[in-house]
**Q** 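A single structure is presented below for examination.
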Amino acid sequence: MKLYGFPKRERLRSQKFIQELFEKGSSLFLYPFKIVYLLAASKPILSAPFPQVLISVPRKHFRRAHDRNLIKRRCREIYRLYKPEWLAKKQTLPALLAIIYLGKQHEPFAFMQKRLITLLNQVNCCPYEKTCETEPPPPKVS
RNA sequence: AAGGCAAGCUGUCUUAUCGCGGCUGUCUCUACGGCAGACGAGGAAAGUCCGGACAACACAGAGCACCGUACCACCUAACGGGUGGGGGGCAGUGACGCGAGUUGCUGCUCACAGAAAGCGCCACAGAAAACAUACCGCCUGGUAGCUACGAGUUAGCCGCUAGGUAAGGGUGAAAAGGUAGGGUAAGAGCCUACCGGGCAAGCGGUAACGCUUGUCGCAUGGCAAGCCUUACGGGUUGAAAGACCAAAUAGGCUGGAACGUAGCCCAAAGCUACGCGGGUGGCUCGUCCGUAGUGCGCAAGCGCUGUUCCAGUGGGUGGGUCGUUAGAGGCUGUCGGUGACGGCAGUCCUAGAUAAAUGAUAAGACUCGACAGAAUCCGGCUUAUAGGCUUGUUUUCCAC
RNA sequence: GCCGUUGUAGCUCAGUGGUAGAGCACUUCAUUGGUAAUGAAGAGGUCGGCAGUUCAAUUCUGCUCAACGGCU
């Protein structure tokens, strides 16, 4: 399997999973990103150990399809390149993940990269053992 | 050479690494797999403003309603698009004429059928805004009063009254042909000439229309992107159309509506007519489909089963395949045409996703990169757009 | 992808081919010891934008921008 790949099975496409994610999932925010994640889905995920990921840019902030496409592609690149390192760091990853760009304007790629990686590192992957990481536990958003 | 304007064309490139989409080939651990290969957004992909193809509604018929189009001819699959032509309007400039005005050239521009078919509207101002009218005026007759002297059938001033006028004034976006002259109490197409206009004929043109001649004193303002009239066109809904696979809009349950009458000797079956219900999505007609069986009762009627349709309930799905990309296709040459475009020959095939594929990093080049991302497919229109190229035209400068 | 609706004062809305209004809010004055309420006066508008039709457009027509809704 390709190390840095992002094949179709790692993309979140099922309407049922998406509904489950936004109903039960936890969310974190760091400008300009918001992420929603769910540690375990009701059915097994085909892409294990990696999550199924959904990337979204609201039409309300970016009217032109060209702008939305560009931001989604950059987000996907950031996630794709960081994915193996993230797994090595956390050992277990969420099952479902949504990355939503809430900024109202374009940001430089390096800035986006730094912020999204910081945000991904804040995800608490071990809900049963609170102190599995050296960092302090992230604020739980209900 | 530079700048402006118009029309047309074009729409950053190269290498490496990682990554994405379907396709083809191949490998095996047979799966949402690995490897390799070539291919992979636009001139507007956009807005969804028009027109088609295609599909479903059984067939897609007629009339009304509704909607759209509107100088003429042609192009086209079709169009509200395009090409060519006609006619206006505006600006600049020249010529003719005393003037009203006419006309040449150049540029821009026009949603450009009908206002003597009818209805409606035209604020304010103004006398009057549409079968014209008469405020200030002008002129004539009659007449109360006053003044003057030439003492009158006088002249003037200021009123009243009966008329004649539409020249001048003023209002307005718009005032009922204009200019010049005659004419008159004053005036007036009242008359004449010219200009403008209406009507008719002839000629030219496929036509829009143009030209010429005659005739009419001129007889009816604007708005139809107000209603409307005329001509022509439009059945409705859109790929979330639709077809197929799997148990899969099938089957179940509840409620409601229709299943009638007459004729062909009688019964059965069938047919016909008038009804009733429905397809039919604006209405009507036509057309099409259904209108069955049975129990009780003398009958009216009541009930059961069934068929068709409607409404609800409940269950199930929210998957796959096709439609889905080779087409009114592109390019080159040649022929026809003023042109849009068409004929013929050769050649090329180059996105096809479905939570939805083109990006990131590094290096380099130059003019330093604008607007911007396919979703059934085509033809247009409109809107956004950095830079570059070509052609035409005009202005300035330089050289000969 | 397809089909619609709406843009008028700070806010909520009328309006119609002829000088743009109502309620609330705002400002000033009166009233009160003071505030509220009340009364009087006042200010505030490129009628989303650009063209066109018309003598005249917020209204009619075309294009455009923005906001919102519906259809699997």
Side-chain angles (χ1 to χ4, degrees), chain A residues 1-129 132-142:
Chain A
M1 187 184 291
K2 290 178 192 173
L3 192 59
Y4 291 101
F6 190 60
K8 216 170 186 177
R9 60 173 181 274
E10 288 186 25
R11 297 181 202 167
L12 180 49
R13 293 178 298 161
S14 160
Q15 200 170 350
K16 284 180 177 172
F17 278 155
I18 292 167
Q19 196 170 351
E20 191 181 350
L21 171 63
F22 282 95
E23 277 175 2
K24 301 184 190 167
S26 311
S27 71
L28 291 172
F29 177 77
L30 178 69
Y31 179 83
F33 295 103
K34 175 187 180 179
I35 62 171
V36 180
Y37 63 96
L38 190 65
L39 296 177
S42 52
K43 295 180 195 170
I45 304 298
L46 288 163
S47 60
F50 294 114
Q52 283 196 340
V53 181
L54 170 150
I55 297 168
S56 176
V57 180
R59 187 194 164 97
K60 196 147 187 157
H61 297 336
F62 295 95
R63 174 156 290 276
R64 302 290 172 196
H66 178 260
D67 297 325
R68 293 198 299 276
N69 269 350
L70 185 63
I71 290 171
K72 280 158 80 176
R73 282 166 181 160
R74 284 180 172 164
C75 290
R76 200 182 61 205
E77 282 300 302
I78 294 163
Y79 171 77
R80 182 177 68 79
L81 295 171
Y82 182 66
K83 191 176 63 171
E85 193 186 334
W86 194 32
L87 178 64
K89 215 166 178 177
K90 298 278 187 182
Q91 270 91 47
T92 57
L93 293 176
L96 304 174
L97 177 69
I99 300 170
I100 302 164
Y101 188 91
L102 282 180
K104 289 195 169 66
Q105 66 223 1
H106 289 283
E107 299 288 349
F109 182 83
F111 176 81
M112 287 168 66
Q113 193 169 29
K114 189 181 155 204
R115 291 298 184 104
L116 185 56
I117 288 172
T118 310
L119 195 59
L120 289 175
N121 282 332
Q122 287 176 4
V123 172
N124 185 1
C125 297
C126 309
Y128 310 111
E129 305 171 37
C132 75
E133 289 288 330
T134 52
E135 302 167 46
K140 188 77 179 177
V141 182
S142 58

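As the structure is a prediction and not an experimental result, all values here were calculated from the model. Chain letters run A, B, ... following the sequence lines, proteins first, then strands; residues in each count from 1.
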**Q** Paired with B/U184: which nucleotide, if any, by Watson-Crick or G-U wobble criteria at under 3.5 Å for both distances?
**A** none

**Q** Taking atom types as modelled, is there a side-chain donor on A/Glu107 or A/Tyr31 under 3.5 Å from an acceptor on the other?
**A**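 Looking only at side-chain atoms, A/Tyr31 and A/Glu107 do form a donor-acceptor pair, the distance falling under 3.5 Å.
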
**Q** Atom CZ of A/Arg80 to atom P of B/U361: distance rounded to whole Å?
**A**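 Nearest whole value for this atom pair: 12 Å.
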
**Q** Would you please confirm or rule out a distance under 4.0 Å between OP1 or OP2 of B/G22 and any side-chain N or O of A/Lys8?
**A**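 It does, given that an N or O in the side chain of A/Lys8 lies less than 4.0 Å from OP1 or OP2 of B/G22.
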
**Q** Which pair of non-hydrogen atoms, one from A/Leu119 and one from A/Phe29, has the smallest distance, and what is that distance?
**A**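 Result for this residue pair: CD1-C, 3.9 Å.
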
**Q** Starting at the 5' end of RNA chain B and moving along, which residue's nearest nucleotide shows up first, A/Arg74 or A/His66?
**A** A/Arg74

**Q** Who does B/U140 pair with, Watson-Crick or G-U, both distances under 3.5 Å?
**A**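 Answer to the pairing question: B/A162, which forms a Watson-Crick or G-U pair with B/U140.
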
**Q** Would A/Glu77 and A/Arg80 count as a salt bridge (Lys or Arg N to Asp or Glu O under 4.0 Å) if you check the C-alpha gap in whole Å, the side-chain angles of each, and the deciding distance to 0.1 Å?
**A** CA-CA 5 Å; A/Glu77 282 300 302; A/Arg80 182 177 68 79; 2.6 Å; yes

**Q** By the definition side-chain contact (heavy atoms from CB on, under 4.5 Å), identify the one residue from A/Val36, A/Leu12, A/Leu97 that meets it with A/Leu54.
**A**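 Of the listed residues A/Val36, A/Leu12, A/Leu97, the side-chain contact (heavy atoms from CB on, under 4.5 Å) partner of A/Leu54 is A/Leu12.
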
**Q** How far, in whole Å, is C/U19 from B/C110 if one measures between their C1' atoms?
**A** 33 Å

**Q** Using the C1' atom in both, what is the distance from C/G23 to C/U8, to the nearest Å?
**A** 15 Å

**Q** Is there a side-chain polar atom (N or O) of A/Arg73 under 4.0 Å from OP1 or OP2 of B/U358?
**A**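 True: A/Arg73 side-chain N/O within range (under 4.0 Å) of B/U358 OP1/OP2.
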
**Q** Which way is the base of B/U106 turned, syn or anti, if we draw the line at 90° from 0?
**A**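 Anti.
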
**Q** When rounded to the nearest Å, what value does the distance between P atoms of B/A45 and B/G319 take?
**A** 33 Å

**Q** Output the rounded distance in Å from CG (A/Leu12) to C1' (B/C32).
**A**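 It is 15 Å, rounded to the nearest whole Å.
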
**Q** What's the OH-C1' distance between A/Tyr79 and B/G359, to the nearest Å?
**A**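 In whole Å, B/G359 C1' lies 17 Å from A/Tyr79 OH.
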
**Q** Look through every strand shown and name the nucleotide pairing with B/U106 as Watson-Crick or G-U wobble, where both distances are under 3.5 Å.
**A**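 Its partner is B/A91 (Watson-Crick or G-U wobble, both distances under 3.5 Å).
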
**Q** Give me syn or anti for B/A41, where syn covers glycosidic angles within 90 degrees of 0.
**A** syn

**Q** With a 3.5 Å limit on both atom pairs, tell me what B/C66 is paired to, counting Watson-Crick and G-U wobble, or say none.
**A**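 Matched B/C66 with B/G234 under the 3.5 Å cut-off.
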
**Q** Would you kindly give the CZ-to-P distance between A/Arg59 and C/A66, to the nearest whole Å?
**A**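 Rounding to the nearest Å, CZ of A/Arg59 and P of C/A66 are 10 Å apart.
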
**Q** For A/Asn121 and A/Lys89, which heavy atoms make the closest approach, and how far apart are they?
**A**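 That closest heavy-atom pairing would be ND2-NZ, 3.4 Å.
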
**Q** Using the P atom as the point on both nucleotides, what is the distance between B/U212 and B/U192, in whole Å?
**A** 24 Å

**Q** Could you please name the partner base of B/C119, counting Watson-Crick and G-U wobble pairs only when both distances are under 3.5 Å?
**A**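 In the structure as shown, B/C119 has B/G226 as its Watson-Crick or wobble partner.
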
**Q** Taking any strand in view, what nucleotide pairs with B/C309 in a Watson-Crick or G-U wobble way, both distances under 3.5 Å?
**A**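 The base-pairing partner of B/C309, which may sit in any strand shown, is B/G256.
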
**Q** When the nearest nucleotide of RNA chain B is assigned to A/Phe109 and to A/Arg63 on a heavy-atom basis, which residue is associated with the more 5' position?
**A** A/Phe109

**Q** Calculate the interatomic distance between A/Gln113 atom CD and B/U361 atom C1'; express it in whole Å.
**A**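 Between C1' of B/U361 and CD of A/Gln113: 9 Å.
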
**Q** Taking NZ from A/Lys83 and C1' from B/A360, how many angstroms apart are they, rounded to a whole number?
**A** 15 Å

**Q** Which value, in whole Å, describes the distance between the P atoms of nucleotides B/G346 and B/A208?
**A** 47 Å

**Q** In whole Å, measure the gap between the P atoms of C/G49 and C/A57 for me.
**A** 14 Å

**Q** Using purine N1 to pyrimidine N3 plus N6-O4 or O6-N4 for Watson-Crick, or N1-O2 and O6-N3 for G-U wobble, both under 3.5 Å, which nucleotide pairs with B/U385?
**A** none

**Q** Should the side chain of A/Arg76 and the base of B/C20 be counted as holding a donor-acceptor pair, with the cut-off at 3.5 Å?
**A** no

**Q** Would you kindly give the CD1-to-P distance between A/Ile55 and B/C20, to the nearest whole Å?
**A** 13 Å

**Q** Would you measure the distance from the C1' atom in B/A111 across to the matching atom in B/G80 and give it in whole Å?
**A**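 So the two C1' atoms sit 10 Å from each other.
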
**Q** Can you see which heavy atom on A/His106 is nearest to which on A/Asp67, and at what distance?
**A**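 Result for this residue pair: NE2-OD1, 3.5 Å.
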
**Q** Where does B/U325 land, syn or anti, given syn is within 90° of 0?
**A** syn

**Q** Rounded to whole angstrom, note down the C1' distance from B/U229 over to B/G120.
**A**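 These two C1' atoms come out 15 Å apart once rounded.
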
**Q** For the pair made of CZ in A/Arg64 and P in B/A384, what is the distance, rounded to whole Å?
**A** 12 Å

**Q** Please confirm whether the backbone N or O of A/Gln52 pairs with a side-chain atom of A/Arg11, one donor and one acceptor, at under 3.5 Å?
**A** no

